[in-house]
Amino acid sequence: MPANDRTPVTVIGLGAMGTALAEAFVGAGHPTTVWNRSAEKAVPLVAKGARHAGTVEEAVAAGPLVIACLTTYDATREALEPASATLAGRALVTLNTGTPEGARRMAGWAEARGARFLDGAVKNVPTAVGAPGTLLYYGGDKGVFDTYERTLRVLGGDTVHLGDEPDLAALYEQAVGGLLLPALLGFFQGAALVTARGLTAGTLVRYTVKWLEMIASELPAIAEEIDSGDYTRPRATVGIFHQGIANVPQLGREAGIDVSWHLPMHALLERAVADGHRDHSISALVETLRKPE
């Protein structure tokens with residue numbers, strides 16, 4: 001990147017992810033200012049070429065692009081409040097967790113202070129920041145995204161603008177992120193099963209990856225069923241999954257493991273059968289989710 005294209009960047013928040021963001025910008029040659037409530041977290045970054053601001057006001061004033069990577073929108077507002085007057089005319093990008101409603105409130109707060117707002121999500125672990133395949137998506141001011149797209153791509157090669165609505169990244173973050181814990185719990189249950197037999201969890205990895213690849217290959221067809229509302233040509237029915245409910249308690253007793261995390265899923269299957277979806281595709285469970293008890 002030519003030197004005159006290296007936008008000065010400020011990174012607010014130096015947890016594991018914030019540190020990775022700052023390291024990526026420093027590594028790409030961007031003048032990078034950092035700030036964190038615990039100043040000692042900035043020391044390794046300063047050794048790599050970052051500049052440490054003594055106050056959040058100084059940090060915000062250092063450049064046109066401010067990236068806040070704190071835990072929540074509330075934490076972001078609290079940290080930035082002392083710099084409210086300095087935000088005017090700058091681009092504020094938030095990379096934290098929260099709900100769509102939280103993102104909308106954050107956008108209103110930023111815009112009331114004269115900042116242009118973009119909300120985003122990093123869909124990977126800190127060690128993947130800066131890699132060509134790392135996904136980040138953003139929602140909000142398209143002008144901000146267009147102006148700083150090359151700079152934002154320093155954080156990951158798969159960088160996407162979802163639309164002008166400021167809550168879209170939070171919406172997709174919650175929609176996509178909901179897969180993580182259930183998938184991990186499934187792996188943890190498998191690990192408990194095999195390690196109880198004296199085998200290692202590592203022996204599961206190859207087969208689990210293949211299983212996840214199979215699931216991934218089915219997602220386009222499942223999404224098409226949901227979008228069309230036609231569940232009558234199933235690859236796997238609700239009834240097949242429902243029949244498997246009886247096996248889970250027995251498995252728990254045999255292996256001596258806690259399988260109670262299955263109970264909410266079993267309740268969904270029971271409701272789906274009661275609603276007449278036994279012979280429909282498993283994707284019909286989305287209709288059950290749309291009708292809370």
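Model, not experiment: these values are computed from the prediction.
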With a 3.5 Å distance limit and no angle check, can you tell me whether [X] reaches the backbone of [Y] through a side-chain donor-acceptor pair?
| X | Y | answer |
| --- | --- | --- |
| Asp230 | Thr232 | yes |
| Thr10 | Val60 | no |
| Asp158 | Gly133 | no |
| Ser281 | Ala284 | no |
| Arg104 | Pro166 | no |
| His242 | Thr237 | no |

Spell out, yes or no, whether [X] and [Y] are grouped together once hydrophobic residues are joined by side-chain heavy atoms under 4.5 Å, including indirect joins.
| X | Y | value |
| --- | --- | --- |
| Val125 | Leu136 | no |
| Phe188 | Ile215 | no |
| Ile67 | Val26 | no |
| Leu251 | Val248 | yes |
| Ile245 | Leu285 | yes |

Is the shortest distance from a Lys or Arg side-chain nitrogen in [X] or [Y] to a carboxylate oxygen in the other one below 4.0 Å?
| X | Y | value |
| --- | --- | --- |
| Lys142 | Asp164 | no |
| Arg290 | Glu287 | yes |
| Lys123 | Glu173 | yes |
| Arg153 | Glu149 | yes |
| Glu81 | Arg113 | yes |

Run the side-chain contact (heavy atoms from CB on, under 4.5 Å) check on Arg77 and Asp74 step by step: do they pass? CA-CA 5 Å; Arg77 285 193 299 275; Asp74 288 342; 2.2 Å; yes
Ignoring hydrogens and angles, state whether a donor on the side chain of [X] or [Y] is under 3.5 Å from an acceptor on the partner side chain.
| X | Y | answer |
| --- | --- | --- |
| Glu57 | Thr86 | no |
| Asn96 | Thr76 | yes |
| Gln189 | Trp261 | yes |

First locate atom CG of Leu135, then atom OG1 of Thr159, and finally report the distance between them rounded to the nearest 0.5 Å.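 It comes to 7.5 Å.
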What is the distance from atom CG of Leu204 to atom CZ of Arg206, rounded to the nearest 0.5 Å?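 The CZ atom of Arg206 is 12.5 Å from CG of Leu204, to the nearest 0.5 Å.
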4.5 Å side-chain heavy-atom contact, [X] and [Y]:
| X | Y | result |
| --- | --- | --- |
| Val154 | Tyr148 | no |
| Lys210 | Met214 | no |
| Leu118 | His161 | yes |
| Pro31 | Arg51 | no |
| Val144 | Arg116 | yes |
| Ile12 | Trp35 | yes |
| Arg37 | Glu78 | yes |
| Val194 | Arg197 | no |

Does the side-chain contact (heavy atoms from CB on, under 4.5 Å) test come out yes or no for Glu101 and Met106, once each step is laid out? CA-CA 9 Å; Glu101 194 275 336; Met106 186 74 228; over 6 Å; no
Nearest heavy atoms of [X] and [Y], plus distance in Å:
| X | Y | result |
| --- | --- | --- |
| Glu23 | Leu45 | CG-CD2, 3.5 Å |
| Pro126 | Ala20 | O-CB, 3.5 Å |
| Leu155 | Thr134 | O-CG2, 4.1 Å |
| Lys41 | Pro44 | O-CD, 3.5 Å |
| Thr7 | His30 | O-ND1, 2.8 Å |
| Ala115 | Leu92 | CB-CB, 4.4 Å |

Option among Leu168, Val160, Leu95, Leu162 that satisfies the side chain to side chain contact (heavy atoms under 4.5 Å, CB included) test with Tyr138: Leu95
Please say which of Leu21, Leu65, Val9 ends up in a side chain to side chain contact (heavy atoms under 4.5 Å, CB included) with Val93.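 Result: among Leu21, Leu65, Val9, Leu65 is the only option passing the side chain to side chain contact (heavy atoms under 4.5 Å, CB included) with Val93.
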Relative to each other, are the rings of His280 and Tyr231 parallel, tilted or perpendicular (30° and 60° limits)? tilted
Using 30° and 60° as the class boundaries, would you call the ring planes of Tyr172 and Tyr137 parallel, tilted or perpendicular?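 The arrangement is perpendicular - the two ring planes meet at more than 60°.
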Mind running side-chain contact (heavy atoms from CB on, under 4.5 Å) on Asn124 and Val129 for me, showing each step along the way? CA-CA 7 Å; Asn124 216 312; Val129 168; over 6 Å; no
Among Asp119, Thr94, Thr97, whose side-chain hydrogen bond (donor to acceptor under 3.5 Å, both in side chains) with Tyr73 holds?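 Of all the options given, the one that passes is Asp119.
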Working for side chain to side chain donor-acceptor pair (under 3.5 Å), residues Arg271 and Thr288: CA-CA 7 Å; Arg271 286 171 52 206; Thr288 306; 5.7 Å; no
Evaluate the side-chain contact (heavy atoms from CB on, under 4.5 Å) criterion for residues Ile257 and Leu193: first the C-alpha distance (whole Å), next the side-chain angles of each, then the deciding distance (0.1 Å), finally the verdict. CA-CA 8 Å; Ile257 62 173; Leu193 284 171; 3.8 Å; yes
